[in-house]
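For reference, the structure is listed below as structure tokens.
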Amino acid sequence: PGIVKEVVGPRAEKAMQEQNRKAIGGSVSKLLAIEGPSRPGRAQEASTSSAAPGPSAYPGSQASGSADTLEEMIDRLPASQKEIGAVQKYKPIDALQMTARKGFQERPEWHAPWRVFRVISGHLGHVHCCAVDVSNEWFVTGSKDRTVKLWDLASGTLKITLTGHISAVRGVAISKRSPYMFSVGEDKLVKCWDLEQNKVIRQYHGHLSGCYTCDLHPTLDVLVTGGRDSVARVWDI
């Protein structure tokens, strides 16, 4: 065919490829065999990118018959990447992964079965909550029968029954900093009991529905209550 002048540019390159294609009968495979692909195909790129980097991928490494150890590879890393390599080297393996690798689960340590020490009865309804005093001398329970009962922990005998709620008692909390006990119930009331006088000395109003839980801060005079009105209220006692 005709003479192709040497012209620089993408159009000239495209025209030259078209003339070569016509010269060899339009076969793309023959054209690739003569000219070679202008850029690697997608499959070739995917195989190249997914392949693991060889020893030549690390700076200062040389191809050798034996595989390099992790310590040698970390030593050849730049200073900015040596710290990351050291962290990966000494990174602990999760215990669950170790168990999965072993193919079995470790047997838990055996202990004697729990036995019921004492059964205490006295409430006329469901017992919803309980709390033990820090002195380990007594504990308190709240029930659906609208009462709060104090029990001796050693003997299990009833010490006193506190009344004042007009609905089921849902939560009790004993203060570690003062002789106070708090109770909440479905009557939307939060009551503060003085255990020296065994009577209510303060009531907190604010919940729009029944109160179902309460707890005291371990170091501050703060009470937190949660209710059916989807809120938690913090009280300064």
_Carboxylate-amine/guanidinium contact Arg177 Asp221, below 4.0 Å_ =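 Yes.
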So, taking the atom named [atom1] in [X] and the one named [atom2] in [Y], what distance separates them when rounded to the nearest 0.5 Å?
X	Y	atom1	atom2	value
Trp235	Arg202	CH2	CZ	12.0 Å
Trp138	Ile160	CH2	CD1	10.5 Å
Cys211	Asp187	SG	CG	8.0 Å
Lys188	Thr225	NZ	OG1	14.0 Å
Met181	Asn198	CE	CG	9.0 Å
Leu223	Leu216	CG	CG	5.0 Å

*For Arg146, look at atom CZ and say whether over 12 heavy atoms of other residues, nucleotides or ligands are found less than 6.0 Å away.*
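Result for CZ/Arg146: open.
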*Closest heavy-atom contact between Gly125 and Ser143?*
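Looks like O-OG, 3.2 Å.
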Transitively linked via ILVMFWY side-chain contacts under 4.5 Å: [X] with [Y]?
X	Y	value
Val140	Tyr180	no
Val172	Leu195	yes
Ile237	Val184	yes

Under the rule for side-chain contact (heavy atoms from CB on, under 4.5 Å), what residues qualify as partners of [X], not counting sequence neighbours?
X	answer
Lys144	His126, His128, Ala168
Val119	Val116
Asn136	Val132, Leu153
Thr147	His123, Asp145, Lys149, Thr161, Thr163

*Using atom types as modelled and distance alone, determine if a side-chain donor or acceptor of Thr213 lies under 3.5 Å from a backbone N or O of Gly226.*
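Not at all, since once roles are kept as given, no pair shorter than 3.5 Å links the two residues.
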*Looking only at atom types and distance, does a side-chain atom of Arg233 sit under 3.5 Å from a main-chain N or O of Gly206, one as donor and one as acceptor?*
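Yes.
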_salt bridge (Lys or Arg N to Asp or Glu O under 4.0 Å) partners for Asp215, two or more places apart_ =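 Checked Asp215 against salt bridge (Lys or Arg N to Asp or Glu O under 4.0 Å); zero matches.
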_Could you walk me through whether Thr141 and Ile120 satisfy the side chain to side chain contact (heavy atoms under 4.5 Å, CB included) test, starting with their C-alpha distance in whole Å, then the side-chain angles of each, then the deciding distance to 0.1 Å, before giving a yes or no?_
CA-CA 11 Å; Thr141 56; Ile120 302 174; over 6 Å; no
Using a 4.5 Å cut-off on heavy atoms from C-beta on, say whether the side chain of [Y] contacts that of [X].
X	Y	value
Trp193	Leu162	yes
Phe182	Lys191	no
Asp194	Val200	no
Val234	Val222	yes

*asked:* For Thr219 and His217, which I'm curious about, is there any donor-acceptor pair between the side chains at under 3.5 Å?
replied: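 Distance-only check passes for Thr219 and His217.
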*If a pair satisfies salt bridge (charged side-chain N to carboxylate O under 4.0 Å, His left out) and one of its residues is in residues 157-170, list it, with sequence neighbours excluded.*
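As it turns out, the salt bridge (charged side-chain N to carboxylate O under 4.0 Å, His left out) pairs with a partner in residues 157-170, which skip direct neighbours, are Arg170-Glu186.
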*asked:* Parallel, tilted or perpendicular, judged at 30° and 60°: which one describes the rings of Trp151 and Phe139?
replied: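 Correct class here is parallel.
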